[in-house]
Amino acid sequence: MTQTQSTARRRLFSIAAGTATAALVLAGCGTSGDLDVGGEFTGTYDGPDIELDYWNGFTGGDGPFMQEMVDRFNEEHDNITVVSNTIPWGDFYQALPAALTAGEGPDVAVMHLDQLASFAARQLLLPLDDLTDQLGLSADDFTEEVWSAAEYDGARYGIPLDVHSLAMYYNTEHFEAAGIDEVPTDAESFRAALDALQEAGYDTPFWMPSRWPSHLMNLTLQWQFGGSPYGDAGEEAQFDSEAGLEALAWQRSIIEDGYSPADVAIDTQYVAFKNGETSITWDGIWQINDLEASGLPYAAAPVPTIGDSPAVWANSHNFVIPTQRTSDENSVNAARVFVAWMSEQSGTWAGSGMIPARDSVRSSGVLDDTTQGAIAEQIESMRFLPPVPGIGAVQAETLEIAVADGVLGTRTPDAAMTEATRSANQLLEENRATFGE
Amino acid sequence: MTATRSTPARPGSEHEAAGHPIPRRRPLSKAAIAGRVLRYAGLILLAAIYISPLVFMFLTSFKSGPDATSVPPTWIPDPWTTQAYETVFSATNTPVLRWFLNSMIAATLHAALVVVTAALAAYPLARMNFRGRSLILALVIGTLLVPPVILIVPSFLVVNELGWLNTLVAVIVPTAASAFGVFFLRQFFLSIPIELEEAAELDGANKWTTFTRVVLPLAKPALATLALLAFLTNWNDFLWPVYVLFSPDLQTLPAGLATLQSANAVRYDLLMAGAALASAPVLALFIFLQRYIIEGVARSGVKG
Amino acid sequence: MTATILPTRRPDGFSARPRGRRGSPLTPWLFLTPYLVLFTVFVIVPVVFGMWISLHAWDFTLPRRPFVGFDNYAKLFDPSSSTFEPFWASMRATGIFTVLSVPPLLIIPLAIALIMRANFPGRNLFRAIYFAPYVLGVAVVAVLWRYLLDNNIGLVNYYLGQLGLPDDIAWTTSTPGAWVALVWVTVWWTLGFNAVIYLAALQDIPAELYEAAKVDGASAWSQFIHVTLPGLRPILSFIAVITLIASANMFGQSYLMTQGAPGRETRTAIYQITETGLRGFRMGDASAMSFVLTFVLVILSAIVFIAFRQKREERA
């Protein structure tokens with residue numbers, strides 16, 4: 001599990017991250033002056049032996065695959081030794097800025113795509129455009145969405161390693177018992193499957209959570225219904241558009257139509273799925289290794305298209321080079337070599353349950369016979385949050401609450417989304433002022 | 001203490017005068033015995049219910065993953081397994097023993113610092129007349145009303161300025177200015193008969209000698225109580241360490257375990273094993289010190 | 001201040017008012033120095049700094065942190081601002097929790113203290129049991145109870161079902177269930193501390209008073225009303241205030257158990273301040289919220305003190 005399920009923990013650590021980041025600039029340790037460090041990148045590193053501190057958050061089943069890649073890199077590079085420091089994601093987003101402040105930050109790191117803009121706006125990352133130029137990396141080898149979401153203010157800050165989206169997991173025994181031969185792919189067949197499952201005695205086949213990952217389901221549905229939750233450029237919240245309302249109404253209808261119990265407690269839908277108490281759940285592909293280990297008879301399929309066109313929420317792990325008071329040309333260049341190599345070799349990474357970001361790697365056969373292979377085929381329909389600094393906090397304060405209220409039925413979709421949109425726009429407006437756009 | 005009870009009072013006679021020995025125990029009637037048994041049974045039942053969540057936590061930590069989330073829930077692990085603990089101890093980048101050591105060092109030094117500074121400060125506030133005394137007292141008590149959450153960011157900046165980031169000092173010192181500790185010890189010192197100190201001073205002892213030779217020995221229960229409370233606070237803190245310690249080797253146990261758990265949010269076997277690991281040391285310490293706590297609180301804080 | 005709050009009640013009528021004499025005027029300050037250094041650097045400075053922050057649009061990750069005067073405070077009283085709704089909703093949640101949790105935290109520990117004051121074999125063990133949860137951290141308490149209160153796999157609903165009661169209450173995602181859960185967990189967790197303080201105070205009530213009451217033929221209940229309660233009155237204000245402050249600062253339980261659910265109904269003021277300031281980087285707003293909350297707490301504490309003091313004076 002590369003990504004924790006619990007919103008509480010995520011939130012906790014984001015808070016911590018925020019404070020720490022904030023503090024370092026306040027304390028006069030701003031790192032903006034160091035952005036040019038590294039000079040011209042030549043594609044190789046032939047300086048003196050160097051040790052690179054490499055931070056990532058791969059604490060789960062993905063950890064060993066990352067370590068394997070790092071070990072191979074070290075074997076192939078005599079003068080560079082990469083030392084991994086694995087910190088759970090929640091902590092990571094707090095530890096990174098704090099460590100940079102104290103001059104003990106890493107030389108290279110991996111972070112989530114939707115965090116890039118916030119970190120970049122706070123001048124904690126080095127632009128990587130010269131690296132992509134040198135490597136000849138371009139949008140051609142990536143999908144447009146993931147490629148452009150790693151850009152902020154005209155510069156590129158991340159090199160995508162993988163993409164990971166929501167998927168539909170289903171219990172194969174239940175499906176068999178209900179006589180479902182074809183995996184549902186749209187609203188109609190999804191309902192039909194739910195009805196068949198109920199008839200086969202599975203009373204609540206699809207538990208609808210109100211918190212994590214409910215807002216990710218909601219974003220997915222909004223996109224499917226043709227909505228644009230944050231406008232085309234992330235400039236304006238539009239949760240109260242027709243698509244937004246339809247998305248939330250659909251989530252609520254799952255409960256009202258009796259497919260899900262009301263008031264599903266935090267994380268319970270996943271536990272229930274693992275226990276065989278519910279037949280279908282939508283969750284991230286990072287759960288694949290956990291489900292494999294559980295021995296549950298399950299399979300994964302793309303999230304069905306409930307709305308008008310296929311779309312699914314996704315995120316991506318990106319390599320970044322943080323600004324570091326202690327950085328010198330050697331460490332930055334060695335870090336670039338590392339990033340370039342890892343990006344090329346990301347095939348091993350498929351073992352972690354993730355989908356390699358590069359077309360060239362995906363088409364090399366590494367996804368054959370993997371659970372996520374079927375999901376990977378939908379890569380063109382994966383959608384990412386726009387690169388807007390502070391979007392995570394806006395989302396948590398507005399959309400997540402509106403979705404929770406709507407799913408629990410304490411407010412109508414209309415009331416919940418209207419209020420959330422109003423305050424999201426207020427917050428976005430204030431953020432723009434803060435970040436000086 | 002005004003009420004010492006060296007002789008047992010009759011159980012259940014809670015409103016009876018304490019401290020008045022019942023002259024010789026008389027043979028009890030059958031009804032009295034039955035009443036006593038009943039009361040005991042009630043007490044034991046209530047206490048058992050009260051403590052059962054903790055028991056459940058420890059039992060669950062010996063379950064397998066699916067067993068921990070079975071429906072309906074069960075008490076006894078089937079089978080018993082130390083799998084959860086093995087996972088916790090073997091996970092990459094989770095040096096649990098190192099965390100344990102860090103926590104022990106930090107909480108112990110923190111408790112010592114709190115007790116020493118609070119005792120030193122509480123003594124003049126209890127026993128000396130000087131200009132500014134009430135102002136300081138008011139300031140110290142007033143800060144108890146300020147929500148601690150707003151101190152986090154400014155304190156982080158101070159710690160950074162001092163160069164303490166990513167060192168254990170950062171979790172030992174900044175939270176040691178305990179307003180509660182000063183208040184608590186001052187109340188206790190006030191309860192000590194002043195004659196003892198006056199006698200010492202008549203014998204020519206100065207304030208320091210009086211403090212160390214007379215007051216502190218008498219205040220042992222309160223000092224032990226404060227030490228335990230400070231230890232607990234420091235041990236259990238899960239927000240502040242995450243801000244100031246970022247090397248995996250420097251994590252404290254509860255903060256470290258919390259991060260380990262973040263990757264396993266629904267693995268209740270692992271969560272309970274982590275919770276048990278974080279709780280066992282403080283529970284043990286408490287059992288060891290519990291009689292001091294009762295006495296310590298009994299004679300301070302609430303009494304003049 | 002405390003001298004009047006917590007009057008000395010020594011049996012010999014001896015006043016414990018400090019009587020310093022002799023010694024250099026510097027002596028008290030020498031004693032105070034180590035604490036005052038810590039207190040200044042890690043309490044006073046941060047508090048003053050917090051006040052200063054509250055006068056700015058303060059995103060500390062950015063070099064630009066413009067001075068805005070009292071705007072952050074004004075926003076809290078302007079219904080159309082971005083902070084009005086979340087803040088007052090969270091104050092409401094804090095108010096609900098405080099009103100619901102303070103009475104049980106005052107009453108149940110008293111009942112336990114009354115039972116535990118009697119001397120019977122094993123008393124220490126029972127006392128230890130009731131105090132034990134207090135030594136746990138909120139992180140442990142919250143994860144444990146989230147598990148127990150899970151409406152699917154949790155023990156609580158299972159036993160409710162066994163007893164023929166509704167077994168489908170969503171303790172963490174619906175009100176009033178979530179309030180019941182939060183109050184219960186807080187009572188379970190912290191009851192021992194108040195109980196120990198009560199126990200101490202009970203031991204201090206002169207036995208003669210009970211003797212006299214018994215001679216007058218007073219029942220146990222009447223003894224409780226006429227002897228025990230008046231004897232406890234001085235510490236009641238202390239317990240009431242510390243409980244009030246603790247409840248008003250509740251954060252960890254809702255943060256880790258309910259995540260403020262449903263919606264943001266159980267998101268308390270501290271929770272909101274944390275979200276705004278530490279996650280949202282809007283420390284100016286968060287500081288202003290903190291000081292408004294502090295102000296409310298000061299007023300409430302003063303009211304509690306005055307209320308108890310007046311009662312005492314009436315009695316006298």
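A, B, ... follow the sequence lines: proteins, then strands. Residue 1 opens every chain. All heavy atoms count here, side chains included; hydrogens, waters and symmetry mates do not.
- Options C:V41, C:L293, C:V140 differ in how many heavy-atom pairs under 4.5 Å they form with chain B, and the most are formed by C:V140.
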side-chain contact (heavy atoms from CB on, under 4.5 Å) evaluation trace for B:W235 with C:V135: CA-CA 10 Å; B:W235 181 277; C:V135 309; over 6 Å; no
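- By number of non-hydrogen pairs under 4.5 angstrom with chain C, the leading residue of B:S178, B:A119, B:A278 is B:S178.
- Note: B:M57 CE to C:L148 CG = 10.5 Å, rounded to the nearest 0.5 Å.
- Interface residue B:W208: backbone and side-chain heavy atoms are both found under 4.5 Å from chain C.
- Partners of C:D150 under the salt bridge (Lys or Arg N to Asp or Glu O under 4.0 Å) rule, at least two apart in sequence or in another chain, do not exist in this structure.
- Closest heavy-atom contact between B:V173 and C:F42: CG1-CE1, 3.9 Å.
- Heavy atoms of C:S290 lying under 4.5 Å from chain B belong to its backbone as well as its side chain.
- Interface summary for chain B: among C:L144, C:I245, C:I44, the most heavy-atom pairs under 4.5 angstrom belong to C:L144.
- If you measure heavy-atom distances from B:F231 to chain C, you find no contacts under 4.5 Å at all.
- Under the 4.5 Å side-chain criterion, counting only non-hydrogen atoms from C-beta, C:I153 is in contact with B:Y268.
- Of the two parts of B:A47, the backbone and the side chain both hold a non-hydrogen atom closer than 4.5 Å to a non-hydrogen atom of chain C.
- In this structure, chain C has a heavy atom under 4.5 Å from the side chain of B:V71, while its backbone stays farther away.
- Heavy-atom pairs under 4.5 Å with chain B peak, among C:I129, C:V43, C:L155, at C:L155.
- Neither the backbone nor the side chain of B:A276 comes within contact range of chain C, judged by heavy atoms closer than 4.5 Å.
- There is no contact between C:V48 and chain B, counting heavy-atom distances below 4.5 Å.
- With a threshold of 4.5 angstrom between heavy atoms, B:V182 approaches chain C through side-chain atoms but not through N, CA, C or O.
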Full working for side-chain contact (heavy atoms from CB on, under 4.5 Å) between B:T60 and C:Y147: CA-CA 11 Å; B:T60 303; C:Y147 180 34; 3.3 Å; yes
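- Your options are C:G50, C:P121, C:A248, C:A269, and the one with the most heavy-atom pairs under 4.5 Å with chain B is C:P121.
- The candidate with the highest count of non-hydrogen atom pairs below 4.5 Å against chain B, out of C:F39, C:Y159, C:W188, C:Y158, is C:W188.
- With a 4.5 Å cut-off on non-hydrogen atoms, B:L162 touches chain C through its side chain but not through its backbone.
- Residue C:T27 holds its OG1 atom at 13.0 Å from CZ of B:F211, rounded to the nearest 0.5 Å.
- Proximity of a side-chain donor or acceptor of B:N236 to a complementary backbone N or O of C:V138 within less than 3.5 Å is not detected.
- A donor-acceptor pair under 3.5 Å is absent between the side-chain atoms of B:Y123 and the main chain of C:L32, judged by distance alone.
- Residue contact with chain B, scored on non-hydrogen atoms closer than 4.5 Å, involves the side chain of C:I273 exclusively.
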Step-by-step side-chain contact (heavy atoms from CB on, under 4.5 Å) determination, C:L136 to B:L54: CA-CA 10 Å; C:L136 305 177; B:L54 283 180; 3.4 Å; yes
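- Top candidate by heavy-atom pairs under 4.5 Å with chain B, chosen from C:S287, C:A132, C:P34, is C:A132.
- Proximity of B:L120 to C:Y35: side-chain heavy atoms (C-beta onward) are nowhere separated by under 4.5 Å.
- Heavy atoms of B:L43 lying under 4.5 Å from chain C belong to its backbone as well as its side chain.
- Heavy-atom distances place both the backbone and the side chain of B:A179 under 4.5 Å from chain C.
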Steps toward side-chain contact (heavy atoms from CB on, under 4.5 Å) verdict (B:I136, C:L36): CA-CA 9 Å; B:I136 288 180; C:L36 286 184; 4.1 Å; yes
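- Here B:P174 is the residue among B:A121, B:P174, B:A118, B:A122 with the most heavy-atom pairs under 4.5 Å with chain C.
- Within the 4.5 angstrom heavy-atom criterion, atoms from both the backbone and the side chain of B:I44 approach chain C.
- Interface residue B:L283: backbone and side-chain heavy atoms are both found under 4.5 Å from chain C.
- Classification of the C:W29-B:F130 ring pair by plane angle, with boundaries at 30° and 60°, yields perpendicular.
- Aromatic ring centres of C:Y134 and B:F286: separated by at least 6.0 Å.
- The two residues C:V143 and B:M272 have their closest heavy-atom pair at O-CE, 3.8 Å.
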Acceptor/donor pairs from residues 137-155 of chain B side chains to any protein atom, 3.5 angstrom cut, sequence neighbours excluded:
unit_1 : atom_1 : unit_2 : atom_2 : d
B:T143 : OG1    : B:V140 : O      : 2.7
B:S155 : OG     : B:L151 : O      : 2.7

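- Note: B:P53 leads B:P72, B:G181, B:P53, B:S52 in heavy-atom pairs under 4.5 Å with chain C.
- Only the side chain of C:F291 comes within contact range of chain B, with heavy atoms under 4.5 Å apart.
- By the 30° and 60° cut-offs, the orientation of the rings of C:W184 relative to B:Y50 is perpendicular.
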